[in-house]
There are 2 protein chains.
Amino acid sequence: MPKVSEEHRVERRDHVIEATLRLIVDQGVHRLSMADIIHESGLSAGSIYSHFASKDEILGAVVELSLMTATANLRELLAREPLPDPAEVIERLLPKFAGASGSVALIQVWGQAVVERQLGSIATTHVAQLREAFDQYAEYWLAEQGIARPGAGRELGALLLALSQAFTVQTAFGEPFEVDELKASIVRAAELFAAAERVGGHRG
Amino acid sequence: MPKVSEEHRVERRDHVIEATLRLIVDQGVHRLSMADIIHESGLSAGSIYSHFASKDEILGAVVELSLMTATANLRELLAREPLPDPAEVIERLLPKFAGASGSVALIQVWGQAVVERQLGSIATTHVAQLREAFDQYAEYWLAEQGIARPGAGRELGALLLALSQAFTVQTAFGEPFEVDELKASIVRAAELFAAAERVGGHRG
DNA sequence: GTCTATAATAAGATAGAC
DNA sequence: GTCTATCTTATTATAGAC
């Protein structure tokens with residue numbers, strides 16, 4: 001196995017993937033052409049096609065990277081001491097690009113994943129992992145609040161994942177959404193959840 | 001003003017818009033070609049171009065219709081007696097197509113709106129209206145629960161709008177999301193909100 | 001208004017030299 | 001592996017008859 005060559009290969013692929021991601025943020029998937037990717041990456045057509053079989057393969061790699069990034073970020077947050085609060089977790093899920101860019105990219109990625117079989121199955125895998133990470137975070141966070149009811153973590157995890165999706169949508173849109181208001185909603189929802197658990201657990 | 005002609009015009013436009021929407025649900029915006037629209041609508045190229053200046057104009061109309069539909073549906077729900085519960089409201093927001101299709105279309109529409117200036121401003125308007133309708137629904141619903149604190153409607157409205165966005169994402173994806181779990185989250189969040197208001201109002 | 005046929009261009013992918 | 005040049009097909013939009 002030639003090691004240098006392998007490193008080079010990965011480096012080149014990442015370079016192309018990131019150029020593509022930038023383009024998607026700027027102009028959207030539906031205006032994305034190979035000519036754009038060639039220009040933005042600074043590589044040539046021949047070079048790109050020696051690393052990717054097709055434009056679709058590049059898109060697949062972009063989808064995978066985007067979704068993996070969110071899960072990786074959440075896992076990193078899970079390991080922090082002290083544990084970040086729910087609003088912070090959701091805010092730091094997409095730091096690949098600053099501000100709205102990560103959200104814009106992710107929404108485009110969703111649009112692809114929802115419509116293309118192959119991308120959809122990639123997405124399913126990563127989303128399941130993201131969900132697990134959220135459940136675990138919720139469990140830890142509830143434990144800090146002195147709550148340990150089995151199942152509570154999963155319930156709050158579901159809510160937080162849902163709210164993180166809303167966060168993605170709203171930051172991508174910008175106007176007329178207000179990020180601070182949404183963050184307040186998230187914090188409040190989590191607090192209400194914890195308070196209710198503290199008082200009486202989940203009433204059926 | 002020739003009335004028949006005007007009706008005809010609107011009818012033809014709607015026909016094209018709905019054909020386009022079907023295609024978007026099936027194959028996504030990024031694979032949408034005029035040839036597809038021509039075939040799916042059953043009209044000819046010449047006919048379509050006599051009603052729309054360009055493919056982009058068709059897409060704009062699709063975006064506008066999709067977003068208007070959600071607001072219109074919510075307003076209709078607002079007028080119902082008895083008032084539907086939060087989970088039902090969110091579920092019935094996108095009944096234009098049954099099941100996941102409405103969500104799939106809407107996610108595609110978001111992807112477009114987030115990236116194209118012109119579509120973005122259309123979206124901003126409609127989203128603001130949707131938000132207002134949600135606030136009002138929340139106010140009514142809280143009133144039914146015996147809660148009338150000024151501002152409470154806006155707070156719950158923000159939460160419900162956010163959760164409706166998550167609902168759109170999750171129904172569009174399908175696996176591994178579970179709609180019933182999300183609906184349970186929505187109901188529970190609303191109930192916790194109401195319960196907290198009943199006990200002590202919003203603590204700062 | 002609507003149709004068929006087609007012009008003009010854009011886009012994905014490959015060939016072949018280095 | 002990488003480049004330039006190019007092939008081939010798709011694609012948007014229009015022309016002109018009816």
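In the text below, chain A, chain B and the rest are named by the order of the sequence lines, each starting its count at 1.
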Novice: Give the rounded distance in Å between these two atoms: NZ of A:Lys55 and P of C:dA13.
Specialist: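 For the pair A:Lys55 NZ and C:dA13 P, the rounded distance is 8 Å.
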Novice: If we ignore angles and hydrogens, is there a donor and acceptor under 3.5 Å between the side chains of A:His51 and A:Glu57?
Specialist: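 A:His51 vs A:Glu57: no donor-acceptor pair found between side chains.
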Novice: Any carboxylate oxygen within less than 4.0 angstrom of a Lys/Arg side-chain nitrogen, looking at A:Arg188 and A:Glu181?
Specialist: no
Novice: Using a cut-off of 4.0 Å on non-hydrogen atoms, how would the nucleic acid contact of B:Ser44 be classed: base, sugar-phosphate, or nothing?
Specialist: base
Novice: Across the strands shown, which category fits B:Ile48 at heavy-atom distances under 4.0 angstrom: base, sugar-phosphate, nothing?
Specialist: nothing
Novice: From OH of B:Tyr49 over to C1' of C:dT4, roughly how many Å is that when rounded to an integer?
Specialist: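 Rounded to the whole Å, the gap is 15 Å.
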Novice: Are there more than 12 heavy atoms of other residues, nucleotides or ligands under 6.0 Å from atom CD of B:Glu144?
Specialist: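 Yes, CD of B:Glu144 has more than 12 neighbouring heavy atoms, counting only those of other groups under 6.0 Å.
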Novice: Using a strict threshold of under 4.0 Å (side-chain N to carboxylate O), is an ion pair present between A:Glu116 and B:Arg31?
Specialist: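 Answer for the salt bridge query: yes.
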Novice: State, yes or no, whether a side-chain contact exists between B:Pro86 and B:Val187 at a heavy-atom distance under 4.5 Å.
Specialist: no
Novice: Please state how far atom CD in A:Glu57 lies from atom C1' in C:dT14, giving the value in whole angstrom units.
Specialist: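 To the nearest whole Å, that distance equals 16 Å.
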Novice: Does A:Leu32 reach a base, just sugar-phosphate, or nothing at all? Heavy atoms under 4.0 Å.
Specialist: sugar-phosphate
Novice: Chain B on DNA chain D: first and last contacting nucleotide, 5' to 3', under 4.0 Å to a heavy atom?
Specialist: D:dT12 to D:dT14
Novice: Using 0.5 Å steps for rounding, measure from the CD1 atom of A:Ile90 to the CZ atom of A:Arg92.
Specialist: 13.0 Å
Novice: What is the separation between atom NE2 on A:His51 and atom P on C:dG12, rounded to the nearest whole Å?
Specialist: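 Going from NE2 in A:His51 over to P in C:dG12 covers 19 Å.
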Novice: Specify the separation, in whole Å, of atom CD of A:Glu40 and atom P of C:dA11.
Specialist: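 The answer, rounded to whole Å, is 16 Å.
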